[in-house]
There are 2 protein chains.
Amino acid sequence: MNLKKYTDYGLRVLLFAGMKENDELVNIKEISEVFNISQHHLGKIVHELNKLELIETIRGRNGGIRLAKPAEEINVGIVVRQLENDFAMLECFDKGQSHCVISPGCMLKHVVNRALHAFFKVLDEYTLKDLIHNEEELKEWMGIQ
Amino acid sequence: MNLKKYTDYGLRVLLFAGMKENDELVNIKEISEVFNISQHHLGKIVHELNKLELIETIRGRNGGIRLAKPAEEINVGIVVRQLENDFAMLECFDKGQSHCVISPGCMLKHVVNRALHAFFKVLDEYTLKDLIHNEEELKEWMGIQ
DNA sequence: AATAAAGATGTATTCAAAATACATGTTTAA
DNA sequence: TTAAACATGTATTTTGAATACATCTTTATT
């Protein structure tokens, strides 16, 4: 059980952008170098974060990205749900092809589903702001300023 | 985010075995037919369930498998932890190769870790017995008796 | 206007892990 | 002795994520 790197990277982009002052822009190249991630791959993640209205992207020279709203309004649980789009924990979660013969009467899926909700309940308690609380320390690690 | 089919299948084996009366044996062929799973693959899962002391296996003609202990003593959370052995939700969970530069000061891993604990806290509340509570219905679906 | 920097986007390739298949061995009741 | 059943190592297939490649569009600067 694990989150996709895609989700991991997406969260890092938000963290990095959330660390900048005011409306300062950061560009993909910079982020890809800091985290040592493929620039093109990151571009796709950024593109999706933009579609999800979590960041703004500004094209062209001197362009870049920035958070689309204050860090305290970006909920971690919601972001993870959006980036990580497949939560079919068991085969029978996927209603389309529920092949397991015991599926109709089986309690397992309900139990796992409850567990999944508990998982998100915790994430829902945090915003991006909470994650960058120890901002000074993070900035140092990121080599900002 | 999802559990491996391996884990899914392992749980089904336990459910199926737990459904039988007393010390009645079931064999892998039977289970693989009911769930339409590769018999050999299932063999390996059964082998591991046996190593984990969740089932007993009896070799030879008229052999088969059965639960190693009463269904009410088999905890769902523990089984899932044992079958699903990789819980590196984020890259930085893997201490060996924590490449992310912000890892030392980043709060994200702690938050996700809390969420993971909440996930298992729910699973820990259930035993195999709880899952086969509506035994009659399940038996019908499984074609038992 | 030309240019360069930056994001947008579609396609293809690589890679890893899971799932499955194949082959053969061992055990044991009939 | 034989057949049914689990044991176990190796190999192949499949799938999806990650990455690479290529090209396009946008926009500030000169």
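Order of the sequence lines sets the chain letters (A, B, ...), proteins ahead of strands, with each chain counted from 1.
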A:Asn2 meets the side-chain contact (heavy atoms from CB on, under 4.5 Å) criterion, sequence neighbours left out, with B:Asp86
For residues 35-59 of chain A, the salt bridge (charged side-chain N to carboxylate O under 4.0 Å, His left out) pairs (sequence neighbours left out) are A:Glu56-A:Arg66
Do the non-hydrogen side-chain atoms of B:His41 and B:Tyr9 ever get within less than 4.5 Å of each other?
-> yes
The answer to which of A:Gly64 and B:His41 contacts DNA chain C further toward the 5' end, by nearest nucleotide, is A:Gly64
Residues at least two apart in sequence or cross-chain that pass side-chain hydrogen bond (donor to acceptor under 3.5 Å, both in side chains) with A:Glu33, listed by chain then number, are A:Lys29
Give each protein N/O atom lying under 3.5 Å from an N/O atom of nucleotides 2-5 of chain C, with the pair distance.
| from | atom 1 | to | atom 2 | distance (Å) |
| --- | --- | --- | --- | --- |
| C:dA4 | O4' | A:Arg61 | NH2 | 3.4 |
| C:dA5 | N3 | A:Arg61 | N | 3.4 |

Across all chains, not counting sequence neighbours, the ring pair (Phe, Tyr, Trp, His ring centres under 6.0 Å) partners of B:Tyr6 are none
Between CG of B:Leu42 and P of C:dA19 the distance, given in whole Å, is 12 Å
note: B:Glu33, atom CD; D:dA4, atom P; distance rounded to Å ~ 13 Å
Can you pull every protein N or O that's under 3.5 Å from an N or O on nucleotides 12-16 of chain C?
none

Assert: residue with more 5' nearest nucleotide on DNA chain D, out of A:Ser38 and B:Val46, is B:Val46
Hits for salt bridge (charged side-chain N to carboxylate O under 4.0 Å, His left out) against B:Glu73, two or more places apart or cross-chain, chain-then-number order -> none
In whole angstroms, the gap separating P of C:dA21 from OH of B:Tyr6 amounts to 16 Å
Here the distance between atom C1' of D:dA18 and atom CD of A:Glu84, to the nearest Å, is 14 Å
Taking D:dT19, D:dC6, C:dA8 as options, the one with an atom nearest any side-chain atom of B:Thr57 is D:dC6
Among the nucleotides D:dT19, D:dA18, C:dA18, whichever has the atom closest to the side chain of A:Ile37 is D:dT19
- Is there a side-chain contact between B:Ile74 and B:Val79, using heavy atoms and a 4.5 Å cut-off? yes
Comparing nearest nucleotides in DNA chain D, the 5'-proximal residue of the pair A:Ile58, A:His40 is A:His40
B:Glu56 atom CD is separated from C:dT27 atom P, nearest whole Å, by 18 Å
For A:Ala71, the side-chain contact (heavy atoms from CB on, under 4.5 Å) test, sequence neighbours excluded, returns A:Leu67, A:Leu128, A:Lys129, A:Ile132
Here the distance between atom C1' of D:dA17 and atom OH of A:Tyr9, to the nearest Å, is 11 Å
Residue pairs passing the side-chain hydrogen bond (donor to acceptor under 3.5 Å, both in side chains) test with at least one member in residues 105-123 of chain A, sequence neighbours excluded, are A:Arg114-B:Tyr126
note: A:Leu3, atom CG; D:dG16, atom P; distance rounded to Å ~ 18 Å
From NZ of B:Lys4 across to P of C:dT20 the rounded distance in Å is 13 Å
